[in-house]
Number of protein chains: 2
Amino acid sequence: MGLSPTTVSRLPVYLRELELLSQAGVETISSTGLAEVVGVTPSQLRKDLSHLGSYGTRGVGYHIAGLQAQIGRELGTARGWPVVIIGVGNLGRALAGYAGFSSRGFRIAALVDPDPAVIGTVVHGVEVSDLAELEAVITRTKATIAVLATPPAAAQSVVDRVVHQGVTSILTFAATVLAVPDGVIVRKVDLGQELQILAYYEQRKSEEVVR
Amino acid sequence: MGLSPTTVSRLPVYLRELELLSQAGVETISSTGLAEVVGVTPSQLRKDLSHLGSYGTRGVGYHIAGLQAQIGRELGTARGWPVVIIGVGNLGRALAGYAGFSSRGFRIAALVDPDPAVIGTVVHGVEVSDLAELEAVITRTKATIAVLATPPAAAQSVVDRVVHQGVTSILTFAATVLAVPDGVIVRKVDLGQELQILAYYEQRKSEEVVR
DNA sequence: AGCTGTGAACCGTTTCACAGCC
DNA sequence: GGCTGTGAAACGGTTCACAGCT
């Protein structure tokens, strides 16, 4: 076992679409059909699913409920992973209010912020803790996943603290490059980076006209 | 010319770190030095830069100011790309307040939302327009890049409308799979997907102990 | 007949190792 | 001597095409 990173990154998408299909009452789907709704090629989909030792039926297709269960198991969606969100500005609030949170197997174990005006308030059902108590919060909640919605300047120091407390997976929205020890996984979402990538292709399109 | 997608995705990161270095007064840096701060291998960095026909000096390293200019040109950071943000909830507000917006070569041309309580208010210096006037807003601002911060259910219909109006690059925060015509580039940021990827590896770590 | 599962071919990306220049 | 630029090798991922099951 051990799926390739690219396969892992597609599984959540498959799972999401399978949920929609099963809600719509569909019971079985072919690789071609599912590939179309998720936007990949049928062979890619079949290869991905074959890595999970999957349950397709030749001549028929995939049994949706079974496939959901299998992917869900692979991603650990039943575990209700406790997640700590650090930074309760607009971004932190948006994340806290994200509807898919619990349906995808997570729960907000704590919200943390340094602002006295925010500490103690309740956001989406969770009381905001003081950033000064970050260590205690992580110990108490046993969270191993942290989401960083802090200003970039604060990110590295927060990372150091949560890693020291046993967090091994970090999702950061700060643009800074983060240093972490081996074994800690960081995923970065950077608005500026995404826009600049789009701008590159946008510029190429306009240059093409000139050429 | 025509850079590979992987190279393009790294250029914004290089540019960001170069800015920090030049602010710190550094004038020259070796591939090893820069690679370390951005978190890639020296050979990867050299290969990437060589694709831009880059200005390194053997025995010395790269001239930071020159390299910044070159990458900036490649990404079109001087063009002040007009961007329309659709959806002014917490997420939309967070995006609108993003500090790197203008420094990275973009400007918020418009904010759009369907909520009467929000329309007309000023957010980060921009007045919120009515979603009903989306077409007019895009025509007026000549925006070709749109950022979607809408609920998932609304995403596809908004995409159809902006694409029809000439938008060719979309950054979406909605988890839904979006259908667009050829030539339109979509980049998706999906919190649930990112967390599920982390959860997969998190689960593997805990299984490893058992094994 | 239809559709999955998969070895083999293909393609893009990364890493290596060194020639070439300062 | 030091560091870039770059062909060549290695790697990983995707696509192809078909054997095999229902």
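By convention in this document, chain letters (A, B, ...) are assigned in the order of the sequence lines, proteins followed by strands, and residues within each chain are numbered from 1.
At a threshold of 4.5 Å between non-hydrogen side-chain atoms, the residues B:Val37 and A:Val177 do not count as touching. Within the 4.5 Å cutoff, the side chain of B:Thr172 has heavy atoms near those of the B:Val186 side chain.
In this structure, A:His63 places its NE2 atom 18 Å from P of C:dC3, rounding to the nearest Å. Atom CG in B:Leu52 sits roughly 14 Å away from atom P in D:dT4 (whole-Å rounding). To the nearest angstrom, P of D:dG5 lies 10 Å from CG of B:Leu45. The distance from atom CG of B:Asp48 to atom P of C:dT15 is 10 Å, rounded to the nearest whole Å. For B:Leu34 and D:dG5, the CG to P distance is 12 Å, given to the nearest whole Å.
Under a 3.5 Å cut-off, the side chain of B:Gln203 and the backbone N or O of A:Glu74 do form a donor-acceptor pair.
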For this session: Any chance you could list the contact pattern along nucleotides 15-22 of chain D? Use B for base contacts, S for sugar-phosphate-only contacts and - for none, protein heavy atoms under 4.0 Å, 5' to 3'.
Result: BBB-BBBS

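When all heavy atoms of A:Leu191 and B:Phe101 are compared, the closest pair comes out as CD2-CE1, 4.0 Å.
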What pairs of donor and acceptor atoms, side-chain ones from residues 136-158 of chain A against any protein atom, are under 3.5 angstrom apart with sequence neighbours left out?
unit_1, atom_1, unit_2, atom_2, d
A:Thr139, OG1, A:Glu135, O, 2.9
A:Thr139, OG1, A:Gln165, NE2, 3.4
A:Thr141, OG1, A:Val137, O, 2.8
A:Thr141, OG1, A:Ile138, O, 3.4
A:Thr141, OG1, A:Ala143, N, 3.4
A:Thr144, OG1, B:Glu202, OE2, 3.3
A:Gln156, OE1, A:Ala179, N, 2.9
A:Gln156, NE2, A:Asp160, OD1, 2.8
A:Gln156, NE2, A:Ala179, O, 3.1
A:Ser157, OG, A:Ala154, O, 3.4

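For C:dG5, one of the phosphate oxygens OP1 or OP2 lies less than 4.0 angstrom from a side-chain nitrogen or oxygen of A:Tyr62. Side-chain N/O atoms of B:Ser31 include one lying less than 4.0 angstrom from OP1 or OP2 on D:dT4.
Of the residues A:Arg16, A:Arg10, A:Arg104, the one that meets the salt bridge (Lys or Arg N to Asp or Glu O under 4.0 Å) test with B:Asp190 is A:Arg104.
Between A:Ser4 and B:Thr32, the residue whose closest nucleotide on DNA chain D is further toward the 5' end is B:Thr32.
Other residues, nucleotides and ligands contribute over 12 non-hydrogen atoms within 6.0 Å of the CD atom of A:Gln68. Surrounding NE2 of A:His124 are more than 12 heavy atoms belonging to other residues, nucleotides or ligands, all under 6.0 Å away.
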Exercise. Do A:Leu198 and B:Trp81 pass the side chain to side chain contact (heavy atoms under 4.5 Å, CB included) test, and can you show the C-alpha distance, the side-chain angles, and the key distance before you say yes or no?
Worked result: CA-CA 10 Å; A:Leu198 289 176; B:Trp81 300 98; over 6 Å; no

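Near-neighbour residues of DNA chain D inside residues 5-21 of chain A, defined by a heavy atom below 4.0 Å, number-ordered: A:Pro5, A:Thr6, A:Arg10.
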